[in-house]
Q: 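The following block contains the structure, expressed as structure tokens.
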Amino acid sequence: MPVLTRSASSFIDGAWVEGNGPSASRFNPSAPGDVVTTYRQADSQLLERAVDAAATAGPAWDKLGILARGRILAAAAALIRERGEQIAQTMTAEHGKPLTESRMEVEASADTFDYHAWSARNPVGTEYPSSHPEERILTIRRPLGIVGVITPWNFPLQIPAWKITPALLHGNTVVWKSASHTPGVSGLLMGILSEAGIPAGVANLLLGPGSLGSELVSHPKVAAVTFTGSVPVGHHIRDIVSRRGAKLQMELGGHNAALILPDADVELAATSVVNAAMGSTGQKCTATRRIILVGDGHEEFLKLVQKKVAGLILGPGSDRSVQIGPIISPSARDEVMAAIDLAVAEGGEVLAQAHVPQTAGNYVPPTVLSGPPTMTICQEEVFGPVVTVLRAATLTEAIALANNTRFGLTASVFTSDERAIRQCLDHLEAGLVKVNAPSTGSELHAPFGGLKDSTFPGPREQNSTAAAAFFTIEKTAYLRLAPGTES
Ligand code: NAP
Ligand code: MG
């Protein structure tokens, strides 16, 4: 199914609205001359309209009740599956990831809608005993109001699904500023929400630049903000939202380590770290960025990693044989290449590199480096297919090295030594610790989130309990009967 150039629009109060800002085009990162999506950017005026529409639509959406809202989300899940191929093709054309990965993301996003739709049936509160004989104490959940949603381009459907679905389920209305690199995917999701029966004004999409996101999070009527993206933008948002006392949830970058112990299964460890470091062209927050070899040796493991990386097939994501697509933009490519050059200048050595196709496209060679842990690349998140091999004499040293960044998203450890596993679980500073598994990937029904600079301020997304806690206000009701109404 060829993806033709299509135009996308913002969606406000149940209607597609052309932006009144400058025109923007999304080029195919595998064929940089090809325009995939064009749109006009929304500006402050449209943001105001979207916020007004979301405010007006709130009371009726709340009144509809959680089960009815859940049914609409289930209808959206079915439409995502029905349109799956179109979404996947658009995703690959805009983002560059291999079609198989786009299809998996579509499926996972539909599952996310289904999961939250079903969690509508979960208990919503707790009953507590009272010291007063006929009093009942109950907790109840109420919507927050308008939720501002800001999402990155790397999972252009899944991350919006994690945020928008529970926000809507719990009776909130949404103003979503999606990533500028993936406007077509955002538009397709928005159309599906509307077709599934989300009433006008309940979910609104703004296609616009980062500065519009800044205005969204500053808006006094936006009661809560959920953001996934980079640390600098996250800190900017944190400062604005905390200052005005609104609720905030953020998932930021990572610098995830994989610890390879002397007894590790070499094939499993090598396959896992190569997939986790290079998959999606290294553009996952959970990608393995550092491999820490514990103890001496590991020649066999290193040889296997080098062979696997050197043999990776790069090319357009639409080509079936391709394992690694292009990187998101020419400037992102330049940043990754500059980071590799800097590592070499700081004493690093290139251990393996894959071939880059000769065709046009934002290609970066998947690269394995080794060198001193003082290299900048061991601290800064380089959002591309680059991994650095470090060494530690003992497990304690390896854990200290793994923890020696400001990030704390995921980590993985390869061993069958139960004591070592416990030590890692207890002391690795990471929100997710994967044992004998890649640092990437997570189940949508398990809590997901990082520590340190990877997450702020702590409540985790994805899992229904965490989502209910973030996307609602909890009140405690003390219920006594009026005199004369005792049973
Ligand atoms: P980004 O540059 O921070 O952008 C994320 C979103 O914020 C985009 O919609 C962007 O809009 C918007 N934005 C940019 N400047 C803004 C501002 N001043 N105020 C408000 N919003 C603003 O991140 P990215 O490059 O899209 O994504 C890569 C980053 O996301 C990486 O650091 C990665 O680790 C992180 N990430 C984290 C997780 C996690 O769960 N922890 C998951 C995925 C990605 P534009 O697109 O218009 O610039
Ligand atoms: Mg960015």
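One-based numbering, in listed order, for ligands and for the atoms of each.
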Q: Ligand 1 versus Ile159, non-hydrogen atoms closer than 4.0 Å: side chain, backbone, both, neither?
A: side chain
Q: Could you name the option among Pro152, Gly229, Ser211 that has the heavy atom nearest to atom 30 (O) of ligand 1?
A: Gly229
Q: N/O of Trp153 under 3.5 Å from N/O of ligand 1, yes or no?
A: yes
Q: Are Arg289 and Glu380 within salt-bridge range, i.e. N to O under 4.0 Å?
A: no
Q: Are Arg26 and Asp34 ion-paired here, with the side-chain N under 4.0 Å from a carboxylate O?
A: no
Q: Heavy-atom contacts under 4.0 Å between Ser178 and ligand 1: side chain, backbone, both, or neither?
A: backbone
Q: Pick, from Cys285, Gly210, Ser180, the option with the minimum heavy-atom distance to atom 42 (C) of ligand 1.
A: Cys285
Q: Which is closest to atom 1 (P) of ligand 1 by heavy-atom distance: Ser186, Ser230, Gly450?
A: Ser230
Q: Please work out, at 4.0 Å between heavy atoms, whether the side chain, the backbone, both, or neither of Ile237 comes within that distance of ligand 1.
A: side chain
Q: Which ligand 1 atoms does Gly208 reach within 4.0 Å, using its non-hydrogen atoms?
A: 47 (O)
Q: Which bit of Phe383 is near ligand 1, meaning a heavy atom under 4.0 Å away: side chain, backbone, both or neither?
A: side chain
Q: For the rings on Trp162 and Phe470, is their centre-to-centre separation under 6.0 Å?
A: no
Q: Between Arg81 and Asp111, is the closest basic N to carboxylate O distance under 4.0 Å?
A: yes
Q: Is the closest side-chain heavy-atom distance between His236 and Ser214 below 4.5 Å?
A: yes
Q: Is the contact between Glu381 and ligand 1 made by the side chain, the backbone, both, or neither, using heavy atoms and a 4.0 Å cut-off?
A: side chain
Q: What part of Pro209, side chain, backbone, both or neither, has a heavy atom within less than 4.0 angstrom of ligand 1?
A: backbone
Q: Does Glu105 pair with Lys97 as a salt bridge, N-O distance under 4.0 Å?
A: yes
Q: Measure from atom 44 (C) of ligand 1 to every heavy atom in Val225, Asn154, Leu252, Leu409 and give the option owning the shortest one.
A: Asn154
Q: N/O of Ser454 under 3.5 Å from N/O of ligand 1, yes or no?
A: no
Q: Could you check whether any side-chain heavy atom of Val305 comes within less than 4.5 Å of a side-chain heavy atom of Val387, counting everything from C-beta outward?
A: no
Q: Given that the side chain starts at C-beta and the backbone is N, CA, C, O, which of these parts of Thr228 lies under 4.0 Å from ligand 1, counting heavy atoms, or is it both or neither?
A: both
Q: Could a heavy atom of Phe448 be found less than 4.0 Å from some atom of ligand 1?
A: yes
Q: Given that the side chain starts at C-beta and the backbone is N, CA, C, O, which of these parts of His181 lies under 4.0 Å from ligand 1, counting heavy atoms, or is it both or neither?
A: neither
